[in-house]
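Note sheet for the following structure.
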Amino acid sequence: GSVPRKERLPDSAIWRWFENTVESVMQRHGYQHLLTPIVEPTPLFVRGKRGMTLTDFGIDFEPHAKTMLAELRLMSDGLNAWHSGTSGHLVVGTLITASSHLVPEAITHLRQAAPDVTVEVRIGSNATLFPALARGDLAIVVGYLPRVDLPAPTSPGVPHVRLSHTALYDEPLCVITDRHHPLARRRKLALSELQPLEWVLPTPDSAAFAAVGQLFRDANLALPARAVHSVSVLTNIGLLARSPMLALMPRSAVEPFVKAGLVAILPLGGLGNAGTVGYSVRAGRPTGPLLRRFIEGLHKATGQAPARRR
């Protein structure tokens with residue numbers, strides 16, 4: 001596509017800007033001047049009637065350039081953090097499951113030691129978060145770990161990067177409803193008598209959907225036909241407040257609303273787990289002090305020592 005006017009620089013100027021950026025970061029922390037070019041000058045753009053467009057090499061180079069710029073930012077943040085120990089920038093990716101308790105606890109732990117740190121939290125699905133982690137846009141992803149029999153999600157144009165996964169706990173499923181629902185007063189229920197009712201279920205692309213499907217198959221039941229698919233906690237709670245629906249959700253996501261008296265967990269046993277919750281980082285990369293303290297906070301929030309990696 002065309003390049004915005006402010007970015008229409010001659011190729012030589014682009015290379016000079018790139019090398020000057022690297023040199024600036026390195027000199028800031030006492031490293032020597034780079035004496036040889038990082039890359040050989042190669043045309044990235046061609047001029048046409050409608051402005052500048054990327055060459056074939058430029059198209060191929062673009063995802064790598066984004067990765068390099070992300071690495072430069074991470075390197076600069078890491079070096080700054082090492083020098084000051086109390087500031088920097090940490091970008092965390094998370095699923096909604098981990099965002100209500102686990103991530104806030106870890107951020108609080110981090111900010112107690114580094115009060116000037118800037119933390120950016122991005123919520124998404126594994127399908128978007130893992131490619132972002134591979135590109136270097138995220139320092140860590142907290143949420144459901146990919147199943148061991150399935151590869152982590154990838155994205156076109158993203159370099160293949162091995163990820164390291166650490167398990168924290170298994171997330172149980174539960175069925176909830178509004179606290180005024182007649183079923184909330186029952187002491188014993190069976191999944192078979194609830195299946196014909198209206199449900200809120202995870203979306204088919206969510207990490208918990210496979211577990212939900214297995215739950216109904218194990219009970220020799222079909223998935224509820226009268227269902228809304230949503231992974232938005234607030235949307236789900238709003239639906240329960242407005243209609244006599246049931247919602248199948250991760251327990252940790254609903255516990256704050258149970259404590260607030262908004263919803264009730266129905267007495268159903270044997271629902272199994274939505275998946276294993278943990279964190280993922282890029283394998284073979286050094287862990288800076290900010291990320292290390294954040295990870296300490298994750299373990300503190302679960303009351304566990306560092307868990308198994310896979």
Side-chain angles (χ1 to χ4, degrees), residues 93-103 122-130 141-147 149-150 152-153 169-277:
T94 182
L95 299 174
I96 290 177
T97 299
S99 64
S100 62
H101 168 70
L102 198 56
V103 170
R122 300 181 187 176
I123 293 187
S125 65
N126 281 352
T128 58
L129 295 178
F130 281 122
V141 170
V142 184
Y144 290 123
L145 300 182
R147 287 165 45 187
D149 58 335
L150 294 176
Y169 61 89
D170 291 327
E171 177 67 79
L173 285 167
C174 67
V175 177
I176 63 169
T177 189
D178 184 78
R179 67 187 182 95
H180 298 297
H181 195 290
L183 291 175
R185 296 190 292 271
R186 293 275 298 272
R187 294 188 177 183
K188 188 176 182 180
L189 290 165
L191 189 61
S192 58
E193 63 180 303
L194 304 181
Q195 190 266 356
L197 303 178
E198 292 183 285
W199 286 77
V200 181
L201 300 176
T203 56
D205 63 342
S206 67
F209 187 76
V212 171
Q214 189 63 50
L215 169 65
F216 281 92
R217 284 193 296 272
D218 290 344
N220 295 317
L221 298 170
L223 280 174
R226 304 168 66 190
V228 173
H229 293 272
S230 165
V231 293
S232 168
V233 175
L234 293 181
T235 297
N236 297 355
I237 300 300
L239 285 170
L240 299 186
R242 291 167 174 80
S243 58
M245 302 182 76
L246 311 177
L248 189 52
M249 296 176 61
R251 191 179 187 97
S252 66
V254 305
E255 282 180 340
F257 301 94
V258 174
K259 292 178 181 178
L262 298 176
V263 298
I265 297 178
L266 299 184
L268 285 163
L271 297 183
N273 296 317
T276 300
V277 174

Report the C-alpha distance between Leu95 and Asn126 in whole Å, list the side-chain angles of each, state the deciding distance to 0.1 Å, and finish with yes or no for side chain to side chain contact (heavy atoms under 4.5 Å, CB included). CA-CA 8 Å; Leu95 299 174; Asn126 281 352; 3.7 Å; yes

* Give a yes or no answer on whether the side chain of Gln195 reaches the backbone of Ala222 with a donor-acceptor pair at less than 3.5 Å. => yes

The ring pair (Phe, Tyr, Trp, His ring centres under 6.0 Å) partners of Phe216 (sequence neighbours excluded) come to Trp199

Is there side-chain contact between Val277 and Tyr144, with heavy atoms separated by less than 4.5 Å?
yes

Rounding to 0.5 Å, atoms CG (Asp170) and OG1 (Thr276) come to a distance of 4.0 Å

task = Find out whether Thr177 and Leu266 are in side-chain contact, i.e. whether some heavy atom of one side chain is under 4.5 Å from a heavy atom of the other.
result = yes

Between the CG atom in Asn236 and the CZ atom in Phe257, the distance rounded to the nearest 0.5 Å is 9.5 Å

Handout entry: Sub-4.5 Å side-chain heavy-atom contact between Tyr169 and Leu102
Key = yes

Would you sort out whether Glu193 and Lys188 count as a salt bridge (Lys or Arg N to Asp or Glu O under 4.0 Å), showing the intermediate values? CA-CA 11 Å; Glu193 63 180 303; Lys188 188 176 182 180; over 6 Å; no

Point to revise | Side chain proximity check, Val263 to Arg179, heavy atoms < 4.5 angstrom | key: no

Output for pair (Leu183 CG, Asp178 CG), nearest 0.5 Å, gives 11.5 Å

What one should report as the nearest heavy-atom pair of Phe209 and Pro202 is CD1-O, 3.3 Å

Looking only at heavy atoms, the pair that brings Pro204 and His229 closest together is CD-ND1, 4.1 Å

Partner of Leu268 under side-chain contact (heavy atoms from CB on, under 4.5 Å), picked from Leu173, Leu248, Leu194, is Leu194

Evaluate the side-chain proximity of Leu215 to Leu191: yes if any heavy-atom separation is below 4.5 Å, no if none is. yes

Backbone N/O of Gly124 and side chain of Thr128: donor-acceptor pair under 3.5 Å: no

Taken to the nearest 0.5 Å, the spacing of Met249 CE from Ile265 CD1 works out to 10.5 Å

Heavy-atom closest pair (Asn273 atom, Pro172 atom, distance to 0.1 Å) is OD1-CA, 3.4 Å

Scanning both residues in full, the closest heavy-atom pair of Arg217 with Ala210 reads NH2-O, 4.2 Å

### Query
So do the side chains of Ile176 and Leu246 get within less than 4.5 Å of each other, counting heavy atoms only?
no

Between Arg122 and Leu129 the two heavy atoms that sit nearest each other are O-CD2, 4.0 Å

* Heavy-atom distance under 4.5 Å between the side chains of Leu197 and Pro224, does that happen here? -> no

Answer yes when Glu255 and Lys259 have at least one side-chain N-carboxylate O distance shorter than 4.0 Å, and no when they do not.
no

Query raised in the report: Side-chain contact, heavy-atom cut-off 4.5 Å: Cys174 with Val254?
Result: yes

Answer with yes or no whether the side chains of Glu171 and Ser252 bring together a donor and an acceptor at under 3.5 Å. yes

Shortest non-hydrogen pair, Leu240 vs Met245, comes out as CD2-O, 3.2 Å

- Message: Tell me whether Thr94 contacts the main-chain N or O of Val142 through its side chain, where contact means a donor paired with an acceptor under 3.5 Å.
- Response: yes

